[in-house]
**Q** 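Shown below is the structure under consideration.
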Amino acid sequence: DSVPPLQVIRPEPCGICGSRIRFGKAAVKCRQCQLLLHPKCREQCPSPCAPRPHHHAWPREGVLADFAPPTPPLVPTLVVQCVTEVETRGLTETGLYRVPGAEQLVREWKRRLLRAGGALPALSSVADIHVVCGVLKDFLRGLKEPLGLLIPLTPLPGAATDIPDDAACSTALRHMVSKLPPANRDTLAFLMLHLLRVSCSPHCKMDVLNLSRVFGPTLVGHGSANPTPLAIMEDTPRQCKVRGSPRCRVYPRCCQHPHPLSLPAQVVARLLSLPSDFWRGFVGTEQENLVPT
């Protein structure tokens, strides 16, 4: 149910096609759910719709806990909805998370989702699944804790990846993950399970090493909130010093790859080497609470 066309004063993305409705252009808005869209997109509007409860907008930036729900698992709705959409229609896309989405659409959808708070608009109207991937990555990069989950995971690069024994390294990683703040721990577990599913898709052509390169700087960062150029250089890709080292035994291609993993990517690769059951222990029992409604 929509009102007669109105004139747009502040440009906003169309709720159906996602493209911007520019200043002065006509638009229609649903009386019940407040969905704003182009007049030409009106026929594609889902029906029936229900009034949306009032939600306060999320902050533009903050720590992960600022976006998490009050009950476990403490995974932000934005993360859940992006992952659900990617797994619904993105696991046949080549280069998932590597191929960028349109930058303008990524910015617009991220802004729109943050303004919506808990009542998120449906991402099924975003035609390009790479835009949804871009929103997720940009959200994680934009958290107040620099580069997403950086600060709680700071001990990982200098500790667990350099432990020579596989079992000891795995034990150290498990211990560090379990000591993370609850929202960081649950969200990390949720993302690890998602990335493992992506890595298993033959269509995506995104194995663990490729995904680790993409998410290393976002999830781990460079070991400090404001890395210096020297710190970044120290984390740049480098060959393993000793062939047959623990990380090479986990991922033998690490040494032979023409573009070896950076230190943050090595940490993410190590995290992805932990068994799925470990990650499910944090989110599996309340998995039904993660399904968007």
**Q** State which residues pass salt bridge (charged side-chain N to carboxylate O under 4.0 Å, His left out) with Glu93; sequence neighbours excluded, sorted by chain then number.
**A**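 Salt bridge (charged side-chain N to carboxylate O under 4.0 Å, His left out) list for Glu93, sorted by chain: empty.
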**Q** What residues, two or more places apart in sequence or in another chain, satisfy salt bridge (charged side-chain N to carboxylate O under 4.0 Å, His left out) together with Arg107?
**A**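 Only Glu103 meet the salt bridge (charged side-chain N to carboxylate O under 4.0 Å, His left out) criterion with Arg107.
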**Q** One pair to check against side-chain contact (heavy atoms from CB on, under 4.5 Å): Leu105 and Val126. What are the steps and the verdict?
**A** CA-CA 9 Å; Leu105 281 177; Val126 183; 5.9 Å; no
**Q** Can a donor-acceptor pair be found, under 3.5 Å and without considering hydrogens, that links the side chain of Ser199 to the backbone of Asp207?
**A**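 It does not hold such a pair.
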**Q** For Val214, check side-chain contact (heavy atoms from CB on, under 4.5 Å) against everything at least two apart and list the hits.
**A**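 In terms of side-chain contact (heavy atoms from CB on, under 4.5 Å), with neighbours along the sequence ignored, Val214 is linked to Tyr97, Lys137, Met206.
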**Q** For Phe278 and Ser178, what are the C-alpha separation, side-chain angles and deciding distance, and is it a side-chain contact (heavy atoms from CB on, under 4.5 Å)?
**A** CA-CA 10 Å; Phe278 169 72; Ser178 68; 5.7 Å; no
**Q** Applying the side-chain contact (heavy atoms from CB on, under 4.5 Å) test to Met192, which of Val283, Leu274, Val177, Leu219 qualifies?
**A**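 The single option meeting the side-chain contact (heavy atoms from CB on, under 4.5 Å) with Met192 is Leu219.
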**Q** Going by the rule side-chain hydrogen bond (donor to acceptor under 3.5 Å, both in side chains), which residues pair with Glu108 if we only count those two or more places apart in sequence or in a different chain?
**A**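 Once residues adjacent in sequence are excluded, the partners of Glu108 under the side-chain hydrogen bond (donor to acceptor under 3.5 Å, both in side chains) criterion are Arg20, Gln104.
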**Q** Report the residues that fulfil side-chain contact (heavy atoms from CB on, under 4.5 Å) with Pro39, sequence neighbours left out, ordered by chain and then residue number.
**A**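 Ala26.
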**Q** Which residue in the set Val135, Leu113, Thr84 passes side-chain contact (heavy atoms from CB on, under 4.5 Å) when paired with Leu123?
**A**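 So, applying the side-chain contact (heavy atoms from CB on, under 4.5 Å) to Leu123 and each of Val135, Leu113, Thr84, only Leu113 qualifies.
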**Q** With sequence neighbours excluded, what pairs up with Lys25 under the side-chain contact (heavy atoms from CB on, under 4.5 Å) test?
**A**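 So Lys25 forms a side-chain contact (heavy atoms from CB on, under 4.5 Å) with Ile21, Arg22.
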**Q** Kindly indicate, with the supporting measurements, whether the criterion side-chain contact (heavy atoms from CB on, under 4.5 Å) is fulfilled by Thr92 and Ser201.
**A** CA-CA 7 Å; Thr92 57; Ser201 169; 5.9 Å; no
**Q** Please tell me if the side chains of Leu193 and Arg280 come closer than 4.5 Å, counting only heavy atoms from C-beta onward.
**A**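 Yes; the side chains approach each other to less than 4.5 Å.
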**Q** Which of parallel (below 30°), tilted (30 to 60°) and perpendicular (above 60°) describes Trp279 and Phe282?
**A**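 Tilted: the ring planes of Trp279 and Phe282 meet at 30° to 60°.
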**Q** I'd like to know if the side chain of Thr94 reaches the main chain of Cys204, judged simply by a donor and an acceptor atom lying under 3.5 Å from each other, with no hydrogens or angles considered.
**A**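 No.
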**Q** Going by salt bridge (charged side-chain N to carboxylate O under 4.0 Å, His left out), name the residues that satisfy it together with Asp138, two or more places apart in sequence or in a different chain.
**A**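 Applying salt bridge (charged side-chain N to carboxylate O under 4.0 Å, His left out) to Asp138 gives Lys110, Arg141.
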**Q** Nearest 0.5 Å, please: how far is CG in Leu136 from CD in Gln81?
**A**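 Rounded to the nearest 0.5 Å, the CD-CG separation comes to 11.5 Å.
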**Q** Give the C-alpha distance, both sets of side-chain angles, the deciding distance and a yes or no for side-chain contact (heavy atoms from CB on, under 4.5 Å) between Leu272 and Leu196.
**A** CA-CA 7 Å; Leu272 286 168; Leu196 286 170; 3.9 Å; yes
**Q** Nearest heavy-atom pair of Pro76 and Thr187: which atoms, and what distance?
**A**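 Nearest heavy atoms, Pro76 then Thr187: CD-OG1, 3.3 Å.
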**Q** Who are the side-chain hydrogen bond (donor to acceptor under 3.5 Å, both in side chains) partners of Arg98, not counting sequence neighbours?
**A**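 By the side-chain hydrogen bond (donor to acceptor under 3.5 Å, both in side chains) rule, Arg98 matches no residue at all.
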**Q** With a 4.5 Å limit on heavy-atom distance, are the side chains of Ser125 and Trp109 in contact?
**A**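 They are in side-chain contact.
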**Q** Scan residues 180-195 for pairs that pass salt bridge (charged side-chain N to carboxylate O under 4.0 Å, His left out), counting only residues two or more places apart or in two chains.
**A**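 Not a single pair qualifies under salt bridge (charged side-chain N to carboxylate O under 4.0 Å, His left out).
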**Q** Only counting residues at least two apart or in another chain, list the ones meeting side-chain hydrogen bond (donor to acceptor under 3.5 Å, both in side chains) with Glu87.
**A**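 For Glu87 the side-chain hydrogen bond (donor to acceptor under 3.5 Å, both in side chains) partners, ignoring immediate neighbours, are His194, Arg197.
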**Q** Identify, with sequence neighbours excluded, every residue that meets side-chain hydrogen bond (donor to acceptor under 3.5 Å, both in side chains) alongside His38.
**A**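 Per chain and number, His38 pairs via side-chain hydrogen bond (donor to acceptor under 3.5 Å, both in side chains) with no residue.
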**Q** Residues in salt bridge (charged side-chain N to carboxylate O under 4.0 Å, His left out) with Arg174, at least two apart?
**A**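 Arg174 satisfies salt bridge (charged side-chain N to carboxylate O under 4.0 Å, His left out) with no other residue.
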